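Structure record follows, encoded as structure tokens.
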Amino acid sequence: GAVVSQHPSWVICKSGTSVKIECRSLDFQATTMFWYRQFPKQSLMLMATSNEGSKATYEQGVEKDKFLINHASLTLSTLTVTSAHPEDSSFYICSAPSGSYNEQFFGPGTRLTVL
Amino acid sequence: GNSVTQMEGPVTLSEEAFLTINCTYTATGYPSLFWYVQYPGEGLQLLLKATKADDKGSNKGFEATYRKETTSFHLEKGSVQVSDSAVYFCALVSNDYKLSFGAGTTVTVRA
């Protein structure tokens with residue numbers, strides 16, 4: 001099946017710094033990618049839809065200036081958490097649709113810890 | 001809007017027991033339905049899917065049937081193993097590709 005990678009797999013940063021997370025589709029092209037965050041023992045919450053060549057679409061309640069998304073190519077989307085604070089600590093997961101049945105393939109996730 | 005209601009856990013079973021996780025949904029149009037599994041510290045993996053009414057998805061001994069009349073997609077496995085311990089998410093997607101997830105059910109299988 002299709003493969004989606006994320007980098008880094010985990011990151012620890014100081015409060016106030018910015019962190020960039022990459023999501024890549026390795027063997028298929030994705031004009032759309034999705035970013036989720038998952039708090040411990042909770043479900044995934046969709047943050048935004050990343051669109052290649054245009055602005056990302058954010059879900060209600062998600063600060064677009066806080067979570068910058070850039071879909072630079074058909075295989076790469078990046079999520080930058082700007083001026084990170086401890087409450088931004090979470091598991092961030094990306095996905096990309098592939099195939100004819102709206103099937104999505106998920107990256108392995110990035111664990112962000114803000115000290 | 002779309003929503004998924006999933007049986008709350010946690011669920012604890014003995015090996016070889018029968019597992020059922022209930023899932024019902026609300027959606028406009030004709031969604032595709034999925035079960036995803038998440039092992040500790042990992043991302044989500046697709047377990048099985050069904051794209052239209054009466055379809056049965058199956059994988060690794062797990063099954064789920066798309067029931068349009070009851071808007072349900074219950075997950076079942078006849079004989080669980082310790083390696084099936086994970087969090088299971090029911091999900092649906094409509095034409096906009098956006099996935100709506102259930103809350104997740106933590107399953108622990110004891111030897």
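From a predicted model like this one, the values you see are computed outputs, not experimental measurements. Chain identifiers are assigned alphabetically (A, B, ...) following the order of the sequence lines, protein sequences preceding nucleic acid strands; residue numbering begins at 1 within each chain.
Counting all heavy atoms, side chain and backbone alike, Leu44(B) lies closest to Phe106(A) at O-CB, 3.6 Å. Looking at every heavy atom in both residues, Glu42(B) comes nearest to Phe91(A) through O-CE2, 3.6 Å.
In this structure, the side chains of Tyr36(B) and Leu44(A) stay at 4.5 Å or more apart for every pair of heavy atoms.
Heavy atoms of Leu46(B) lying under 4.5 Å from chain A belong exclusively to its side chain. At a 4.5 Å heavy-atom cutoff, the contact between Gln38(B) and chain A is made by side-chain atoms alone. At a 4.5 Å heavy-atom cutoff, the contact between Gln38(A) and chain B is made by side-chain atoms alone.
No single ILVMFWY cluster, assembled from side-chain heavy atoms under 4.5 Å apart, contains both Phe67(A) and Tyr36(A). Cluster membership for Met33(A) and Val93(B), using ILVMFWY side-chain heavy atoms within less than 4.5 angstrom, is not shared. Tracing side-chain contacts under 4.5 Å through hydrophobic residues (I, L, V, M, F, W, Y), one reaches Val114(A) starting from Ile21(A); they form part of the same cluster. Under the 4.5 Å side-chain heavy-atom criterion for grouping Ile, Leu, Val, Met, Phe, Trp and Tyr, Leu79(A) is not connected to Leu46(A) through any hydrophobic cluster.
When the salt bridge (Lys or Arg N to Asp or Glu O under 4.0 Å) test is applied to Lys52(B), the partners found at least two apart in sequence or on another chain are Asp55(B).
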Just distance, no hydrogens or angles: give the donor-acceptor pairs under 3.5 Å from side chains in residues 71-78 of chain A, sequence neighbours left out.
from	atom 1	to	atom 2	distance (Å)
His71(A)	ND1	Ser50(A)	O	3.2
His71(A)	ND1	Ser50(A)	OG	2.7
His71(A)	ND1	Glu52(A)	N	3.4
His71(A)	NE2	Ala30(A)	O	3.0
His71(A)	NE2	Ser73(A)	O	3.2
Ser73(A)	OG	Thr75(A)	N	3.3
Ser73(A)	OG	Thr75(A)	OG1	3.4
Ser73(A)	OG	Leu76(A)	N	3.3
Ser77(A)	OG	Trp35(A)	NE1	3.0
Ser77(A)	OG	Ser50(A)	OG	2.9
Thr78(A)	OG1	Asn70(A)	O	3.4

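Scanning residues 81-90 of chain B against chain A with a 4.5 Å heavy-atom cutoff picks out Phe89(B), ordered by number.
Taking a 6.0 Å sphere around CE of Met45(A), one finds it holds 12 or fewer heavy atoms contributed by other residues, nucleotides or ligands. More than 12 heavy atoms of other residues, nucleotides or ligands shown are found within 6.0 angstrom of NZ on Lys66(A).
Pairs of residues two or more places apart, or lying in two chains, never qualify as ring-ring contact (aromatic ring centres under 6.0 Å, His included) while including a residue from residues 11-31 of chain A.
Although no hydrogens or angles enter the test, the distance criterion places a donor-acceptor pair under 3.5 Å between the side chain of Ser43(A) and the main chain of Gly102(B).
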